[in-house]
Protein chains: 2
Amino acid sequence: MSLPHAILTALLEKPSSGLELTRRFDRSIGYFWSATHQQIYRELGRLEEAGYIRALPGDGPVRGQRKAYEVLPAGSGELARWVGGSQDPKAIRDPLLLRVRAAAVVGTDGLLAELRRHLELHRRQLALYEAIEERDFPPGRDSDEDRLRRLVLHGGIGLETFWLRWLEEALEEVGGMADLPGGDPDAAGPADGAGAP
Amino acid sequence: MSLPHAILTALLEKPSSGLELTRRFDRSIGYFWSATHQQIYRELGRLEEAGYIRALPGDGPVRGQRKAYEVLPAGSGELARWVGGSQDPKAIRDPLLLRVRAAAVVGTDGLLAELRRHLELHRRQLALYEAIEERDFPPGRDSDEDRLRRLVLHGGIGLETFWLRWLEEALEEVGGMADLPGGDPDAAGPADGAGAP
DNA sequence: AAGTACATGTAACAGGTTACATGATTCA
DNA sequence: TGAATCATGTAACCTGTTACATGTACTT
């Protein structure tokens, strides 16, 4: 239940049409909650029906034509409720960690190159976030709003930094293995791997 | 497309029934790829039909009765292919970061308590991972399989550590704000927040 | 008049979540 | 025999993804 709230946030920052939102979900907000244009149009319809947003007047309901939305009081109310509510953090669900675990049973063939590729991708993403911080949050300006948005950006920076460190450790470990082919069942470690308490 | 591979990995580590798998997805593998029992049974059916796994002989197709599966050669082949393949890292999609960003426009009411709650949850999770490392990976044992599994665990430890640090920063920032009520549009920062290059 | 970019949608499907249903086994 | 537990499954729904469809505005 986060996409509607992501859209409400984006529209509060600036009333927009579906396509403008789509563009902003390719950067900005999209760095922390991505969405395709199909999702956005579907959700705009629902939000309008729920009375959270409305189409700005002056636009007939024509198909190929721009239609901009703004948030209604009920919408910002719902958003504020959501911000202050309680939501457990979601469990980790990462394919790369899973692949390393699978490599322990079927071998690391091809894994090293993939780890190097990910390292490079995360380096670029980190550089991007750091450039944004320098550009959008120069020292001196620090309204509460700015501080909160910089805090979010620091989340992104921290996550990318984590991945860089982990990938460096992974490259060292996997690089030192002689391409361990199909996992030898008799040599396997604890049956349940990183198991339970 | 990761759930089938998570199941193949779990079954290669130890042939199991659906319920046993469900239990192991509540810990162990589940720390990095969670799944409910409904997902698991659905996927077991598909994997069997695809010829990747088979039910261990000796079990009639009775409803309420235990049915254990093992991985066939085609299954470990598919898993090895998947490990060595190419998959881009997924973009960040985190509700808590999104909520902080929303707080910049609708106010931080209720946020502080939620941040504290998350801090406590992540502390516990980190302690759990550290206990597992101590228990399952004592110094001395270091087969390639063990090193890979410990590497995965270090991923979990690194992620939890990141969250702890970020939440501490967040508590300091948000704690210093006088509960900033509804966002004042005129005082808002850059229209697109942490924007684009 | 044709092509391209802009803009809004529909349809079909896969993966994940929640609620419920059914049968077998054990034990009081 | 009735309740609790183990075990497997069905159904409905929501979110996210991919492919495609339709219409407008601008340029050449």
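Distance, A/Asp26 CG to D/dT17 P: 12 Å, rounded to whole Å. Atom pair A/Phe25:CZ and D/dT17:P shows a separation of 13 Å (rounding to whole Å applied). Rounded to an integer number of Å, the gap from NE2 of B/His37 to P of C/dT22 is 14 Å. Protein atom CD1 of B/Ile7 is 13 Å distant from nucleotide atom P of D/dT8, rounded to whole Å. Atom pair A/Leu19:CG and D/dG23:P shows a separation of 19 Å (rounding to whole Å applied). Here the P atom of nucleotide D/dT18 and the OH atom of A/Tyr41 are 18 Å apart, to the nearest Å. One interatomic measurement links the two molecules: CZ of A/Arg66 to P of C/dG9, which rounds to 13 Å at whole-angstrom precision. Regarding B/Glu20, its CD atom lies at a distance of 7 Å from the P atom of D/dA7, rounded to whole Å.
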message: B/Ser17 vs B/Arg23, test: side-chain hydrogen bond (donor to acceptor under 3.5 Å, both in side chains). Steps then yes/no.
response: CA-CA 10 Å; B/Ser17 68; B/Arg23 297 270 157 74; over 6 Å; no
message: Set out, in order, the CA-CA distance, both residues' side-chain angles and the distance that settles side-chain contact (heavy atoms from CB on, under 4.5 Å) for A/Arg116 and A/Leu112, then state yes or no.
response: CA-CA 6 Å; A/Arg116 286 203 193 98; A/Leu112 201 59; 3.4 Å; yes
Protein proximity profile, nucleotides 11-16 of chain D - base contact B, sugar-phosphate-only contact S, no contact -, cut-off 4.0 Å on heavy atoms: ----SB
Determine all donor-acceptor pairs shorter than 3.5 Å in which one atom belongs to a side chain in residues 163-170 of chain B; sequence neighbours excluded.
unit_1   : atom_1 : unit_2   : atom_2 : d
B/Trp166 : NE1    : A/Leu151 : O      : 2.9
B/Glu169 : OE2    : A/His154 : ND1    : 2.6

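B/Trp33 meets the ring-ring contact (aromatic ring centres under 6.0 Å, His included) test with no other residue; sequence neighbours excluded. Applying the side-chain hydrogen bond (donor to acceptor under 3.5 Å, both in side chains) test to B/Glu114 and every residue at least two apart in sequence or in another chain returns B/Arg99, B/Arg117, B/His118. Shown here are the side-chain hydrogen bond (donor to acceptor under 3.5 Å, both in side chains) partners of A/Gln38, two or more places apart in sequence or in another chain: A/Thr36.
Here ring pair (Phe, Tyr, Trp, His ring centres under 6.0 Å) pairs that include residues 65-106 of chain A, with residues two or more places apart or in two chains, are A/His5-A/Trp82. Identified under the salt bridge (charged side-chain N to carboxylate O under 4.0 Å, His left out) test for residues 29-42 of chain B, with sequence neighbours left out: none. Listed by first then second residue, pairs satisfying ring pair (Phe, Tyr, Trp, His ring centres under 6.0 Å) with a partner in residues 95-117 of chain A number zero, not counting sequence neighbours.
Backbone-only engagement by A/Ser17 is indicated by non-hydrogen atom pairs under 4.0 Å involving sugar-phosphate atoms exclusively.
Shown for residues 75-87 of chain B: no residue has heavy atoms falling under 4.0 angstrom of DNA chain D.
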